[in-house]
Visitor: 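Sharing a structure, written as structure tokens. Questions coming.
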Amino acid sequence: MPESSNKLIRFWEELKRRKVIHVIVVYATASFVIIELVNNVFEPLRLPDWTPLLFIIVLAIGFPVAIVISWVFDVSFKGLEKTKPKVDTESGDIAVSVDKTDIPDNSIIVLPFEDISPHKDQEYFSDGLTEEIISDLSHIDDLMVISRTSAMMFKGSKSPVREITEKVNVRYVLEGSVRKAGNNLRITAQLIDGINDTHLWAEKYHGTLDDIFDIQEKVSQSIVEALKLKLTTGETKNMLKRPIENIHAYEYYLKGYSAYSVTFTEEGLQKARLYFEAALKITGDNAFLYAALGNVYIEYAHIWIKQDDSLNKAEEYARKALELDPETAQAYLILALCQLWRGITKNLVTLLKQGYSIDPNDIVLIHYYGWSYIVVGRTSEALPLANRIIELDPFNPLCAFFGVVHFYMGKFMEAVEIGKKFDLPSNLDLPVARFYYAFFLAFAGNTDEALDVLEPVERISTSDFFLQNARLLKYALEGKKGKINELMTEEFVLAEKREGVESCWAASFFAMLGDFDTALDWLENSFDRGFFNYPYMSQHDPFLTKMQGNPRYDILMQRVKHEWENFEV
């Protein structure tokens, strides 16, 4: 399409977004009524002959004024509010163009500390320091701290500070470097005001590896002082808390976390497990390390490695962590995931709510907390949690969860638009992104577009869980029941039946094919595995609702409704 046409389309969309078209229609209608009224009453009231012309001139003068006001301000029953800038979806970044007045005063991004060690082999250490400072600062309620995933997007970036702060909508930037040679350390750090592009403070710290915790605390405390933040006793206590006291155990933890976070392959998880176990041998019982091991076993279960055994081990480590420290937020997340994958959702929301009350900045915990509300059919309560992910971690793929929430509210077209906003179409190399984007499109009625997105899935050789569901969706939309039956291996069926949400997906696939008996088998399993989102199952899903009037479906919906209506957190 020619550039001029694109500009016209964008201009037209902006006119609609700013409600200019709405104001023009209302103004024109009101003007017509006024002129007709004047024409009908000026003679009986013996008004001068020029009265209608005067009103026409006044209304004509007011027309451009009304357009300007509607462009600059949002006109509503609340009065006039300045129109918020448009979300930038053209650049490929999940970023918002913002007014300087919209940037929270107490907000910061901690950029990845640069490894300037002689052999450039201490990246795990510099990344660990970055994460620990983020964690320290996240304990301060009055400070908004951008989470790790988005911060790491700027690793090695030479972008100007002002550009970075605008992309993530914060005021301050902390940057620095780490030089580690043997047991010797040199760390530099500087705090920059992104609005004024001025340095608030800069410091160099020299010491040995044994001083790392003290240096970390000094950096965090310097930020508190520079921003003139007043900490509560609890916030100060959390900032000074050292989950691992021994420096050698801490190094093992950092190496394990690096192996764990880079890739969730069996090899990466195996390395992480061995490092965490080595750290535990040094520290003895340690809640932080038990939670780390619990996370490893959760991921084992996630990639289908001895699922039952892995879930049992994950739960065991989570309970050990809570026995030592009831304030271990990760342990509540692990217990919740164990329940979710066992199809037990009675205490799911409660467990995640407990974890969230301890750490409201853990993005994965927030994500699953939001999911828990979808599972129990309180989908609207997931919206503020989806918004919090966007606020704290704007470059995290989990921001697309905002679209998932709209999907389960039955707002399928909105889910598609949100998927575009958060760049799902540009991340189709990720099976989860491909599946969800195609899912949104299919339920919005855009079958051809969905099939275009799904076209490559047959040629991809891997058997990722989301990729397998993407294949099922493709064949369901194409009406190829035989192909679906081929995919339904014993292993995959077992995995799909473990969780209520995935079972509901399968029910929709078979309902698309018109195989309602099989669809109901899956839907009953979905309910038995703890998924009772009654509004979605009975009203929103366009394929499941085709079964209305089917006795099995109607009886099941009565059971789902009863569970939904009587659920309490």
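Worth knowing before you read on, the calculation uses all heavy atoms, side chains too, and leaves out hydrogens, waters and symmetry mates.
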Visitor: Of the options Leu229, Ile140, Val145, Leu137, which is the one that meets Ile223 in a side-chain contact (heavy atoms from CB on, under 4.5 Å)?
Guide: Leu137
Visitor: Centroid-to-centroid, Phe440 to Phe407, below 6.0 Å?
Guide: yes
Visitor: Is any NZ, NE, NH1 or NH2 atom of the basic residue among Lys155 and Glu123 found under 4.0 Å from an Asp or Glu carboxylate oxygen of the other?
Guide: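 Looking at Lys155 and Glu123, the cut-off is met.
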Visitor: Aromatic ring centroids of Tyr257 and Tyr275 under 6.0 Å?
Guide: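 Here the rings of Tyr275 and Tyr257 have centres that are no less than 6.0 Å from each other.
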Visitor: For the ring pair Tyr297 and Tyr300, is the centre-to-centre distance below 6.0 Å?
Guide: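 Ring centres of Tyr300 and Tyr297 closer than 6.0 Å.
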Visitor: Strictly below 4.0 Å, N to O, side chains only: are Glu417 and Lys421 in salt-bridge contact?
Guide: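 A salt bridge is absent here (no side-chain N lies under 4.0 Å from a carboxylate O).
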Visitor: Is any side-chain heavy atom of Val219 less than 4.5 Å from a side-chain heavy atom of Glu203?
Guide: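 Counting from C-beta outward, Val219 and Glu203 never come under 4.5 Å.
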Visitor: Can you list the residues that meet the ring pair (Phe, Tyr, Trp, His ring centres under 6.0 Å) rule with Tyr373, with sequence neighbours excluded?
Guide: Tyr369
Visitor: Is the His248-Tyr252 ring centre distance short of 6.0 angstrom?
Guide: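 Centroid distance His248-Tyr252: not below 6.0 Å, so no.
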Visitor: Please determine if Glu217 and Arg242 form a salt bridge, counting it only when a charged side-chain N lies under 4.0 Å from a carboxylate O.
Guide: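 Counted as a salt bridge, because a side-chain N and a carboxylate O are separated by less than 4.0 Å.
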Visitor: For this output row, return yes or no: ring centroids of Phe288 and Tyr253 closer than 6.0 angstrom.
Guide: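 Under 6.0 Å, so yes.
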Visitor: Can you list the steps and then say if Arg171 with Asp193 is a salt bridge (charged side-chain N to carboxylate O under 4.0 Å, His left out)?
Guide: CA-CA 6 Å; Arg171 178 165 184 175; Asp193 186 330; 2.9 Å; yes
